[in-house]
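Beneath this line is the structure, given in structure tokens, with notes to follow.
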Amino acid sequence: MQLSEQETVRRQKREALIKSGINPYPSELFEVNVTAKDIHENYEKNKTDYKNISIAGRLMSRRIMGSASFAELQDSTGRIQLYFRRDDICPGDDNSLYNDVFKKMTDIGDIIGIKGYVFTTQTGELTIHVTDFKLLTKSLKPLPIVKETEDESGNKKVYDAFSDPETRYRQRYVDLIVNPEVRDTFIKRTQMVNSIRTFLSNKGYLEVETPILQPLYGGAAARPFKTHHNTLDMTLYLRIANELYLKRLIVGGYDGVFEFAKDFRNEGMSRFHNPEFTQVELYVAYKDYNWMMDLVEEMVEKAALDMHGTTAVKVGKNTIDFQRPWKRYTMFESIEEFTGIDISEMEEDQLRDTAKKLSIDIDDSMGKGKLIDEIFGEKVEPHLIQPTFITDYPIEMSPLAKKHSEKEGLVERFEAICNGKEICNAFSELNDPIDQRERFEAQLELGKRGDDEAMVLDEDFLRALEYGMPPTAGLGIGIDRLAMIMTNSDSIQDVLFFPQMKPEKKPEVATEKDYVEIGVREELIPILQNLGFTTLDKIKEANPNKLFNDVCGTRKKLKLKDVKNPSKEEVEGWISAVN
RNA sequence: GAUUCCGUAGCUCAGUUGGUAGAGCAUCUCCCUUUUAAGGAGAGGGUCCUGGGUUCGAGCCCCAGCGGGAUCACCA
């Protein structure tokens, strides 16, 4: 691998540390008794507690002024300034801890442990006066340097932000080190999940785990990822949903079960879609979808409060208020509200005409349900910014939902829409096994007609229903989508630590072993790499005289005094070894 | 999958009509004991994403590819 100048320098510092008897990767524990946040919050109130502190973290900046220096230490809670003075950390005649270890062998990005006491500088910044420090981990790759100023009114301005999305997502660890707001987003996400988990557990529902590898993929309409189990010699699918397994547990007699589930869908990617994503699904016996709407309101309102201390959350240009009660529309009402057209009594042909009139793209394969869904998706959903429940969906779109108790052709289903996007989906679960079988068979028909997202028929699930599932309300919440809203993130990639990406291309380069095998001495390898001879093919075509000259010249240029120049015969030997 | 924009130093980014590759930060050397985007003096650092083409000459123009972003399509 080709190293940059800065990387080479850091490797040399690592060697120098070892030579001077300092382990750059020590194993003893380093006792920490305070955090940066703690100091900022509590020092003024209780100064005597901060006379003898011990803290560890990553060195994020250095300002060296001769025999004194300022630096910034970053731990998991934030940053704190450090003050090093040579005469304090080197009390005797030996100044090497300051002059050599700190000034020469320590870099931004190194992880260090500090002992000292807190004071306030002349400019009023809380600072740790360092009395002793220890290198805990040497960092070999230079971090992006992000700088920040703050004006009188506290407005922050960032210079040289680490902002390239590709590098940020590929090297999330760097993103987390240098961008504190990214760290915060993921803390918020976990707070949200914890809030929901606590809420559901406190209601007495049981958190469970169900299979991710499934012999049949069910519970949603989506294309699956397919894999193979060698011992059983069978196809398995990564789950697209866990709905059918959770319902089996309701059949088994639990009153309420929920699971935070990673689901996998082999479909397009966008800022709202990642191939793997998280849903929480909940099933509660003896309840219906109206009851479930109340629960969703209460639960999401509480999540907002737990995360922000308020129900009002700023998302882009909007402020979204999760305070109960949320608006409730039936799907037909909502369409009438936003288009002025009542489609509740329309047949397929009229719906098609209406869609055309509203200039919505449709095709002939669309049935009644799909047409209604298109009109809704085009004319209503994007306009629903504040949390809103939409109820009573067409039966064609909902093969697992119970038929509406009063309205023909509809099911007892609702979605909550927020910021123009669905955040949850719920229904009174279909528990009539005969009806369920017919719905599955209708899906099979769709599949035969080429709909590769149609549901498959799950005989075991039907068998479970035949034993009898109590009336049940079910819910699925897209955790990533909700986290996007709650953290004001534009893209799902900003709420997933490691969003899916194509692999980085690795240029094909010769390994050290390859070079050695054609007779190149190990110490000469960096020279060849520096000259661009990164593959054996390139050496194959080299002119031996030129290569000989270039190698000797580069040795001089790189100041590799300890390296012995090759002889011309040696160089000729490499080339003939490849050919 | 389609359209479109982007890819230059470790990081953030300039780069004129096609004519020897630039800045700030970071790095290295030196000065500096309360600084804070610390400061001062000096130095080094490049596969201009990859591969072709046009040209006397390409970071720049043309073609193809790779990677990424945005929009759309798909997608409960």
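A, B, ... follow the sequence lines: proteins, then strands. Residue 1 opens every chain. All heavy atoms count here, side chains included; hydrogens, waters and symmetry mates do not.
The pair A/Glu148-A/Arg79 does not count as a salt bridge, with every side-chain nitrogen at least 4.0 angstrom from each carboxylate oxygen.
Using a 3.5 Å distance cut-off with no hydrogens or angles, the side chains of A/Tyr289 and A/Asp392 do pair a donor with an acceptor. With 3.5 Å as the limit, one finds no donor-acceptor pair spanning the side chains of A/Thr472 and A/Glu429.
For the OP1/OP2 pair of B/A37 and a distance below 4.0 Å, the side-chain nitrogens and oxygens of A/Thr149 include no atom meeting the criterion. For B/U35, neither phosphate oxygen OP1 nor OP2 lies less than 4.0 angstrom from any side-chain nitrogen or oxygen of A/Arg62. Considering only side-chain N and O atoms, A/Gln6 lies nowhere under 4.0 angstrom from the phosphate OP1 or OP2 of B/G44. Listed pair A/Lys104 / B/U29 fails the phosphate criterion, with no side-chain N or O lying under 4.0 Å from OP1 or OP2. Residue A/Lys147 has no polar side-chain atom (N or O) positioned under 4.0 Å from OP1 or OP2 of B/C25.
Nearest nucleotide to the side chain of A/Met65, out of B/A76, B/G68, B/U34: B/U34. The side chain of A/Ile64 sits closest to B/C32 out of B/G67, B/C32, B/U36. Closest to the A/Pro144 side chain, of the nucleotides B/C30, B/G68, B/C11, is B/C11. The nucleotide whose nearest atom lies closest to any side-chain atom of A/Arg271 is, among B/A38, B/U71, B/U27, B/U71. Of the candidate nucleotides B/U33, B/U27, B/A26, B/A26 has the atom nearest to the side chain of A/Ile145. Nearest nucleotide to the A/Tyr169 side chain, out of B/G69, B/U33, B/G67: B/G69. Minimum atom distance to the side chain of A/Arg63 is reached by B/A38, of the listed B/U33, B/A76, B/A38. The side chain of A/Ile108 has B/U27 as its nearest neighbour among B/C28, B/U27, B/U33. Closest to the A/Phe162 side chain, of the nucleotides B/U35, B/U27, B/U12, is B/U12. Nearest nucleotide to the side chain of A/Asn425, out of B/A73, B/U34, B/A76: B/A76.
In this model, a side-chain donor or acceptor of A/Asp160 finds a partner on the base of B/G24 within 3.5 Å. Checked by distance alone, A/Thr123 brings no side-chain donor or acceptor within 3.5 Å of a matching partner on the base of B/U34. Looking at A/Gln81, its side chain comes within 3.5 Å of the base of B/U35 through a donor and an acceptor atom.
One interatomic measurement links the two molecules: CD of A/Gln12 to C1' of B/U29, which rounds to 15 Å at whole-angstrom precision. With rounding to whole Å, A/Ile492 atom CD1 is found 17 Å from B/A70 atom C1'. Rounded to a whole Å, the NZ atom of A/Lys103 is 14 Å from the C1' atom of B/C28. Distance, A/Phe84 CZ to B/A38 P: 16 Å, rounded to whole Å. The CD-C1' distance, from A/Gln500 to B/G67, rounds to 15 Å in whole Å. Counting to the nearest Å, the C1' atom of B/G68 and the CZ atom of A/Arg170 are 8 Å from each other. Atom pair A/Asp490:CG and B/G69:P shows a separation of 14 Å (rounding to whole Å applied).
To the nearest whole angstrom, the two P atoms, one in B/G44 and one in B/C5, are 39 Å apart. For the P atoms, the distance linking B/A43 with B/U55 amounts to 42 Å, nearest Å. Rounded to the nearest Å, the gap between the P atom of B/U35 and that of B/G24 is 25 Å.
At the heavy-atom level, A/Lys421 lies nowhere under 4.0 Å from the strands shown. No contact: A/Asp373 has no heavy atom under 4.0 Å from any strand. Within 4.0 Å (heavy atoms only), A/Met269 reaches at least one base atom of the nucleic acid. Among the heavy atoms of the strands, none lies under 4.0 Å from A/Arg481. Residue-level contact check: A/Glu267 touches the backbone only, with heavy atoms under 4.0 Å from sugar-phosphate atoms and none from bases. As judged by a 4.0 angstrom heavy-atom cut-off over every strand, A/Ala220 is placed among residues making no nucleic acid contact. Among the atoms of the strands shown, none is found under 4.0 Å from any heavy atom of A/Phe272. In this structure, A/Pro275 reaches neither bases nor backbone, as no heavy-atom distance under 4.0 Å exists between it and the strands shown. Within 4.0 Å of A/Glu5, counting heavy atoms only, lies at least one base atom of the nucleic acid. Using a 4.0 Å heavy-atom criterion, one finds that A/Gln122 contacts the bases of the nucleic acid, with or without backbone contacts as well. At a threshold of 4.0 angstrom between heavy atoms, the contacts of A/Gln279 with the nucleic acid are absent.
In this structure, A/Lys138 contributes its side chain and A/Met105 its backbone to a donor-acceptor pair below 3.5 Å. A/Arg328 contributes no side-chain N or O that, together with a main-chain N or O of A/Thr391, makes up a donor-acceptor pair within less than 3.5 Å.
Using the six-membered ring where Trp is involved, A/Tyr117 and A/His129 have ring planes that are parallel, under 30° apart on the 30 and 60° scheme. Aromatic ring pairs are classed by plane angle as parallel below 30°, tilted from 30° to 60° and perpendicular above 60°; the pair A/Phe102 and A/Tyr98 is parallel.
Residues A/Tyr83 and A/Val146 each lie close to RNA chain B; by heavy-atom proximity, the contact nearer the 5' end of the strand is made by A/Val146. Each of A/Gln493 and A/Glu378 lies near RNA chain B, and the nucleotide nearest A/Gln493 is the one positioned closer to the 5' end.
Aromatic pair A/Phe133/A/Phe84: ring centres closer than 6.0 Å.
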